[in-house]
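The block underneath contains the structure these notes are about, expressed in structure tokens.
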Amino acid sequence: MSQSIRRYLICSGIIALLAGVLHLAIIFGGPDWYAFFHAPARIVRLATVGALYPKIFCLAAAVLLMLCAGYAFSGAGLIRRLPFLHPALVLIGSVFILRGIAFFPLLLWRPDLLARVCDCRGLDPFLVVSSVICLATGIGYVLGARKT
């Protein structure tokens, strides 16, 4: 594997790991953090009344993202080879790429659906930045998958 591809995979893993840690922080940050990170209004309301659903959802997302990070680090050779490494990297990369590009068609053709998913209207800076990050992360996974 070339050093540049390895670096892309490591960076993608770091981004996934940081996103997982951020999801854990949101649980402890409470309703204000859910709102700041554009959780749907329903989730913010549930967090405000202390419901478990937002916490469980964030915890599940954190675990998934950290697992994704583990696969990136495995593909880069930083940790032992995990099972199903190649298909996992392809799947993870595809999901990140889909998340990265799905925002734009939704913005154009289904803004009502987009508003329900992320509690945002129109060209929201948070959504644009997070979409670009997801797209770059997904590309890193796919590039790494091609070389494993």
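- Clustering ILVMFWY residues whenever any of their side-chain heavy atoms sit less than 4.5 angstrom apart, transitively, puts Ile56 in a cluster other than the one holding Val63.
- Residues Tyr71 and Pro83 come closest through the heavy atom pair OH-O, 2.7 Å.
- Clustering ILVMFWY residues whenever any of their side-chain heavy atoms sit less than 4.5 angstrom apart, transitively, puts Phe126 in the very cluster that holds Leu18.
- Atom CZ of Phe36 has 12 or fewer neighbouring heavy atoms from other residues, nucleotides or ligands inside a 6.0 Å radius.
- In this structure, the side chain of Ser131 does not engage the main chain of Phe103 through any donor-acceptor pair within 3.5 Å.
- Taking hydrophobic clusters as Ile, Leu, Val, Met, Phe, Trp and Tyr residues chained together by side-chain heavy-atom distances below 4.5 Å, Ile139 does not share a cluster with Ile15.
- Distance alone, capped at 3.5 Å, places no donor-acceptor pair between the His23 side chain and the Cys58 backbone.
- Interatomic distance, CD1 of Ile10 versus CD of Gln3, reported as 8.0 Å (0.5 Å rounding).
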Carefully, step by step, assess Phe37 and Ser130 under the rule side-chain contact (heavy atoms from CB on, under 4.5 Å). CA-CA 10 Å; Phe37 287 104; Ser130 63; over 6 Å; no
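- The two residues Val44 and Pro31 make their nearest non-hydrogen contact at CG1-O, 4.0 Å.
- In terms of heavy atoms, Phe73 sits closest to Gly13 at CZ-C, 3.6 Å.
- A donor-acceptor pair under 3.5 Å is absent between the side-chain atoms of Tyr8 and the main chain of Ala136, judged by distance alone.
- In this structure, Tyr34 contributes its side chain and Pro54 its backbone to a donor-acceptor pair below 3.5 Å.
- Of all non-hydrogen atoms in Leu85 and Ser74, the two that sit nearest each other are CD1-OG, 3.8 Å.
- Side-chain heavy atoms closer than 4.5 Å link hydrophobic residues (I, L, V, M, F, W, Y) into clusters, and following such links, even through other members, never connects Phe96 to Leu64.
- Smallest separation of non-hydrogen atoms from Gly144 and Leu9: CA-CD2, 3.8 Å.
- From Leu65, atom CG reaches atom CG of Leu17 across 9.5 Å, with rounding to the nearest 0.5 Å.
- Taking CD1 from Ile27 and CG from Leu22, the interatomic distance works out to 10.5 Å, rounded to the nearest 0.5 Å.
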Criterion side-chain contact (heavy atoms from CB on, under 4.5 Å) on Arg146 and Val90, from CA distance to verdict: CA-CA 8 Å; Arg146 288 185 61 197; Val90 170; over 6 Å; no
Go through Ser94 and Leu98 one step at a time and tell me if the side-chain contact (heavy atoms from CB on, under 4.5 Å) criterion holds. CA-CA 6 Å; Ser94 299; Leu98 181 62; over 6 Å; no
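- By the criterion of side-chain heavy atoms lying less than 4.5 angstrom apart, applied directly or through intervening Ile, Leu, Val, Met, Phe, Trp or Tyr residues, Val95 is not grouped with Leu89; the two fall into different hydrophobic clusters.
- To the nearest 0.5 angstrom, Leu82 atom CG is 8.0 Å from Leu67 atom CG.
- Contact between Tyr141 and Gly93 at its shortest, heavy atoms only, is CB-CA, 3.5 Å.
- To the nearest 0.5 angstrom, Ile26 atom CD1 is 11.5 Å from Ile43 atom CD1.
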Does the side-chain contact (heavy atoms from CB on, under 4.5 Å) test come out yes or no for Leu135 and Ile101, once each step is laid out? CA-CA 7 Å; Leu135 182 60; Ile101 63 176; 3.9 Å; yes
